Amino acid sequence: MDLLTANDRPGTHAPSYYAATANAVPDRLALAERLEVDVCVIGGGFTGLSAALELALGGASVVLLDAQRIGWGASGRNGGQIATGPRVSVLELERTYGRDMTRALWDLAEDAKALIRRRVADHGIACDLKAGSVHAETTAAGARAAAAEADHIATHYDYAELTPLNRAELAVEIGSEAYAGGLLDTGAGHLHPLNYALGVAEAAEGAGAKIYEQSRVTGIEGDGPHLVRTEAGEIRAEWVVIATNGYTGPLDEGVSSRVMPINNFIAATEPLGEDRARALIPRDGCVADSRFVVGYWRFSADHRLLFGGGETYRYRFPTDIAAFVRPRMAAVYPSLADVKIDYGWGGTLGITASRMPYVSRSGQRIAAAGYSGQGVAMTGIAGRVVAEEILGERARFATLAALRHQRFPGGGRLRHPLLVLAMTWYALRDRLGI
């Protein structure tokens with residue numbers, strides 16, 4: 001069996017380090033009946049789970065449907081990094097939207113981190129939550145720009161957790177001399193994403209939401225009430241939330257025209273031992289770099305290096321994911337060039353042209369997607385904001401909905417080939433150091 005099939009076998013989590021160390025994974029039934037509820041949430045990743053939990057806590061009757069398993073997609077396969085701020089720099093956002101709008105987006109992003117910490121504490125979610133991250137810049141100019149932005153953020157956004165690092169200081173923080181400088185962020189963090197997703201699902205069920213797995217939606221009819229059909233059942237709901245991100249396909253044209261699926265890959269080494277792990281990353285935070293195709297890594301609870309690097313823009317995964325990721329890991333840590341890799345897996349995420357989340361409402365149908373590699377935190381707050389909109393508290397939804405998004409060019413037939421061409425060019429710029 002090649003790794004494409006192994007990573008995407010229906011109804012089974014990808015053979016990742018996360019799946020191998022997952023907490024109890026209950027077998028939930030597929031929908032095989034007719035139900036009537038206030039809200040039908042489609043998608044069992046972070047966004048859908050967050051929305052379902054908040055809606056149930058708010059008194060709504062909720063059914064969540066997933067075509068596979070809870071956390072089967074990007075939510076259970078990602079790097080687990082809880083990043084600070086929006087995906088786009090605040091200086092760029094200020095130029096586009098002004099200071100007030102940027103402050104509102106910043107506050108949402110900060111609440112996103114706080115929301116994760118509260119949920120872990122309130123619901124007792126065992127997900128190896130840890131504090132701290134490092135941003136690594138590939139060039140001296142990039143390091144200077146990052147330091148300037150950190151100063152701007154401290155002055156105008158009341159966030160003093162960012163410390164600029166020169167080349168030598170960064171090398172101490174990440175155990176590598178491959179970068180020119182960067183930032184230490186003591187307010188960010190990382191976690192075991194699949195266990196976090198499973199914990200939020202349990203919390204949502206505890207609040208009264210019903211969750212059905214292996215229940216692919218085959219059609220949505222109407223607009224409040226909606227009729228949501230699966231192969232063996234149907235849901236009549238006043239509201240529908242589409243939270244399928246990179247797996248949306250034809251389910252929602254607004255999402256599929258503005259959110260493009262791409263694949264990203266992670267390798268997990270054998271356990272390196274605590275001493276070796278702390279020699280590389282003394283503070284046990286996570287690391288991400290400034291490349292267009294971002295490199296990102298951290299240590300697991302059992303001291304494996306989880307290294308993410310490399311993207312593909314076609315439908316097939318590399319046959320040998322470990323071999324695909326290894327050169328990228330070795331470029332940062334030459335001493336690990338020959339280390340044993342125990343797991344290699346890939347997943348599909350959703351990106352937007354703006355790199356900001358896409359949130360929209362049409363009647364009583366809401367969609368949220370397109371977190372562009374920064375979804376661990378932002379998905380949770382997006383789900384909460386969607387729930388607020390449905391429950392009548394609409395200010396924060398309006399902030400996200402005001403973000404401007406271009407459609408990817410080319411229409412249904414040409415959209416994907418054009419994306420492949422553009423993304424391949426930017427990836428080539430990374431390799432050439434342009």
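As the structure is a computational prediction, the values presented were derived from the model and not from experiment. Computed over heavy atoms, backbone and side chain alike; hydrogens, waters and symmetry mates excluded.
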Please step through salt bridge (charged side-chain N to carboxylate O under 4.0 Å, His left out) for the pair Asp342 and Lys340, ending with a clear verdict.
-> CA-CA 6 Å; Asp342 285 344; Lys340 184 174 182 290; 2.3 Å; yes

Is [Y] close to [X] at the side-chain level, that is, under 4.5 Å between some pair of heavy atoms?
X      : Y      : value
Asn23  : Tyr196 : no
Arg404 : Thr96  : yes
Phe265 : Pro318 : yes
Leu183 : Leu165 : no
Tyr371 : Thr47  : yes
Leu194 : His192 : yes
Leu272 : Leu336 : yes
Leu306 : Tyr18  : yes

> Where the side chain of His135 meets the backbone of Gly182, is there a donor-acceptor pair that is under 3.5 Å apart?
Replying inline: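 No; judged by distance alone, with no hydrogens or angles, the pair does not exist.
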
Could you tell me whether [X] and [Y] have a side-chain N and a carboxylate O separated by less than 4.0 Å?
X      : Y      : result
Arg283 : Glu173 : yes
Lys210 : Glu205 : no
Arg236 : Glu36  : no
Asp223 : Arg365 : no
Asp27  : Arg69  : yes
Glu231 : Arg216 : no
Glu389 : Arg384 : no

Does the Lys NZ or Arg CZ of Arg328 fall within the cation-pi geometry relative to Phe324 - under 6.0 Å from the ring centre and within 45° of the axis?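 Yes.
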
| said: Looking at Trp72, I'd like to know if the NZ or CZ of Arg77 sits under 6.0 Å from its six-membered ring centre while staying within 45 degrees of the ring's axis. | reply: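 Judged by the rule, Arg77 and Trp72 form a cation-pi pair.
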
Inset, instruction - Kindly write out the residues that satisfy side-chain hydrogen bond (donor to acceptor under 3.5 Å, both in side chains) with Gln406, not counting sequence neighbours, or none if the list is empty. - result: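 For Gln406, no residue satisfies side-chain hydrogen bond (donor to acceptor under 3.5 Å, both in side chains) once neighbours in sequence are set aside.
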
Please set out all donor-acceptor pairs under 3.5 angstrom arising from side-chain atoms of residues 117-124, sequence neighbours excluded.
{"residue": "Arg118", "atom": "NH2", "partner": "Asp111", "partner atom": "OD1", "Å": "3.4"}
{"residue": "Arg119", "atom": "NH1", "partner": "Ser50", "partner atom": "OG", "Å": "3.1"}
{"residue": "Arg119", "atom": "NH2", "partner": "Ser50", "partner atom": "OG", "Å": "2.9"}
{"residue": "Arg119", "atom": "NH2", "partner": "Glu54", "partner atom": "OE2", "Å": "2.9"}

Determine whether the aromatic ring centres of residues Trp345 and Tyr17 are separated by less than 6.0 angstrom.
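Distance test on ring centres: not under 6.0 Å, no.
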
* Asked: When you look at Ser257 and Arg407, which way does the side-chain hydrogen bond (donor to acceptor under 3.5 Å, both in side chains) test go after all the steps?
  -> CA-CA 5 Å; Ser257 65; Arg407 291 172 176 263; 3.1 Å; yes

**Study point:** Full working for side-chain contact (heavy atoms from CB on, under 4.5 Å) between Thr102 and Asp100
**Key:** CA-CA 5 Å; Thr102 302; Asp100 290 346; over 6 Å; no

We want to know whether [X] and [Y] form a side-chain donor-acceptor pair, criterion being a heavy-atom distance below 3.5 angstrom.
X      : Y      : answer
Tyr179 : Asp289 : yes
Lys113 : Thr84  : yes
His13  : Gln68  : no
Asp66  : Tyr247 : no

Mind telling me whether His405 and Tyr358 have parallel, tilted or perpendicular rings, with 30° and 60° as the class edges?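 Answer is perpendicular, since the angle exceeds 60°.
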
Taking CD in Glu169 as the centre, count heavy atoms belonging to other residues, nucleotides or ligands within less than 6.0 Å. Is the count above 12?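 Yes, because the 6.0 Å sphere around CD of Glu169 holds more than 12 heavy atoms from other groups.
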
